[in-house]
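Structure record follows, encoded as structure tokens.
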Amino acid sequence: MGSLSGFPCSLFLVLVLLELLLLHAQSKTHPDDVEVLKQIKESVDPKSVNPGSCLGSWDFQVDPCDSVFSDKFICGLRCDVVSPEGSRVTELTLDQAGYSGSLSSISWNLPYLQKLDLSGNYFTGAIPESFSQLPQLQQLGLSRNYFSGSLPESLGALSSLQELYIDNNNLEGPILSSFNALYNLTRLELQGNKLSGAFPELSQLNSLNVIDVSNNAISGELPANFPASLVELSMRNNSLVGAIPASLSNVVYLQVLDLSHNGFGGIVPASLFTHPSLEQLTLSFNELEAVEAPGDSGVNSQLIAVDLSNNMIRGFLPGFMGLMPRLSALSLENNQFWGMIPAEYAVKVMLSPGQEVAQFERLLLGGNYLFGAIPGQFLGLKPGSVTINLGDNCLYRCPLRLFFCDGGQQKSLMQCKAFAPFIP
Ligand SMILES: *[C@@H]1O[C@H](CO)[C@@H](O)[C@H](O)[C@H]1NC(C)=O
Ligand SMILES: *[C@@H]1O[C@H](CO)[C@@H](O)[C@H](O)[C@H]1NC(C)=O
């Protein structure tokens with residue numbers, strides 16, 4: 001009996017050993033993935049690889065996916081998928097390590113890769129066309145490098161992509177309409193390049209929340225339609241012209257709109273002041289000429305901050321902005337507004353406590369042609385309690401010793417009369 005009972009026991013041991021061996025075999029990295037990793041290490045300039053850095057630890061005498069918790073492949077790698085032919089690389093993170101070199105000749109054949117982060121290095125050359133071979137890629141981070149050339153058409157093939165960060169590189173050429181195939185895209189960040197041409201209509205991207213293409217050379221007019229899912233649209237500091245489309249009111253979840261430092265003209269449409277979600281509106285440094293008042297006087301607006309400074313807006317100050325319930329920062333500086341400070345503003349600089357309506361904490365009206373008396377409410381404000389600037393107007397009863405009159409002498413009477421002879 002003793003020898004019989006010993007038999008299943010040793011069989012069990014053999015099975016355990018076999019299973020351990022099998023497990024070990026399964027964690028071996030797929031040879032195709034090893035090949036790509038080797039190409040990456042060879043493409044990075046060895047002089048830029050610190051021995052203690054992530055890439056410095058990569059040693060192909062051991063198996064990459066099998067060594068992610070050892071002193072080889074100390075970082076940069078995740079292998080969360082085990083296929084019958086071996087472990088597959090699912091994440092590659094080589095960020096902010098000072099690496100240089102060009103990655104454009106690598107064949108990026110990593111069919112299971114979900115995340116690639118190369119941001120904050122000194123990589124040069126073109127964005128590899130072969131990135132199109134990453135069908136499962138959800139996050140691509142190439143921010144803050146020296147990638148140049150144009151955006152490859154093939155990026156449009158990354159059908160699983162959710163987040164695309166290529167900001168702060170040296171890319172030029174157009175933003176491609178092939179991006180319209182990136183159905184799962186939620187963030188598109190291309191700011192700080194030299195991208196040019198018109199901005200494409202991306203209205204098919206029904207998951208897109210954030211577009212940031214600030215600090216480029218994008219020209220032409222805005223497309224008529226933007227994805228309805230958009231929450232933030234930043235196109236600051238480009239060469240855009242034409243009108244601000246009233247149809248932005250169809251982008252119902254939009255909270256932040258920054259179109260400053262462009263060449264937009266015409267009116268600021270009333271639909272932006274009846275928008276159901278918009279909180280931050282920045283249209284400074286354009287060539288806008290007028291503000292259209294909304295039918296409901298702005299009382300349903302969600303706007304918290306409005307900046308229309310440094311345009312060419314003429315006419316009375318828009319009194320309705322004093323009725324917008326959440327507005328606390330308003331800049332209308334350096335335009336051609338004239339007339340008196342509206343009573344609605346006077347009330348909003350000094351609301352009695354407990355009001356549900358926000359008070360002005362920042363009211364910048366300098367550099368216009370305002371005239372007349374300073375409303376009494378201003379005189380009750382404590383210095384430092386709010387930021388108000390009324391300088392460089394035609395307000396002759398605004399002595400510099402009052403903190404809100406500081407920030408520039410009033411214009412000369414001659415200047416004011418030349419603008420409008422009836423200015424008293
Ligand atoms: C992409 O979006 C489609 C439809 O919105 C969805 O069916 C699919 O699962 C998404 N793919 C990924 C990888 O998220
Ligand atoms: C606009 O972008 C250019 C180029 O990116 C940059 O040099 C410049 O400082 C930016 N201007 C503003 C006002 O942000």
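Both counts, for ligands and for their atoms, begin at 1 and track the order of listing.
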Establish, for the pair K411 and Y369, whether the NZ or CZ atom is under 6.0 angstrom from the six-membered ring centre and no further than 45 degrees off its axis.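 Satisfied, under 6.0 Å and within 45°.
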
I'd like to know whether F60 forms a ring pair (Phe, Tyr, Trp, His ring centres under 6.0 Å) with F73, so could you lay out the CA-CA distance, the side-chain angles of the two residues, the decisive distance to 0.1 Å, and finally the verdict. CA-CA 9 Å; F60 291 96; F73 297 93; 5.5 Å; yes

Out of curiosity, is R236 lining ligand 2, as in a heavy atom under 4.0 Å away?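 Contact present.
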
Heavy atom of protein closer than 4.0 angstrom to [atom]:
atom                    : value
atom 9 (O) of ligand 2  : no
atom 14 (O) of ligand 2 : yes
atom 4 (C) of ligand 2  : no

Would you list the pairs meeting ring pair (Phe, Tyr, Trp, His ring centres under 6.0 Å) in which at least one residue belongs to residues 303-331, sequence neighbours left out?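 Residue pairs passing ring pair (Phe, Tyr, Trp, His ring centres under 6.0 Å), neighbours aside: F273-F320, F316-W338.
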
Test applied, side chain to side chain contact (heavy atoms under 4.5 Å, CB included); reference residue, I127; option that passes from L103, L142, L140, N169: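 The option that passes is L142.
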
Taking only heavy atoms of N237, which atoms of ligand 2 are found under 4.0 Å from at least one of them?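 Under 4.0 Å from N237, ligand 2 has these atoms: 1 (C), 2 (O), 3 (C), 8 (C), 10 (C), 11 (N), 12 (C), 14 (O).
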
Should the ring pair Y146 and Y122 be called parallel, tilted or perpendicular, given that the plane angle runs from 0 to 90° and is split at 30 and 60?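 If you compare the ring of Y146 with that of Y122, the planes turn out parallel.
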
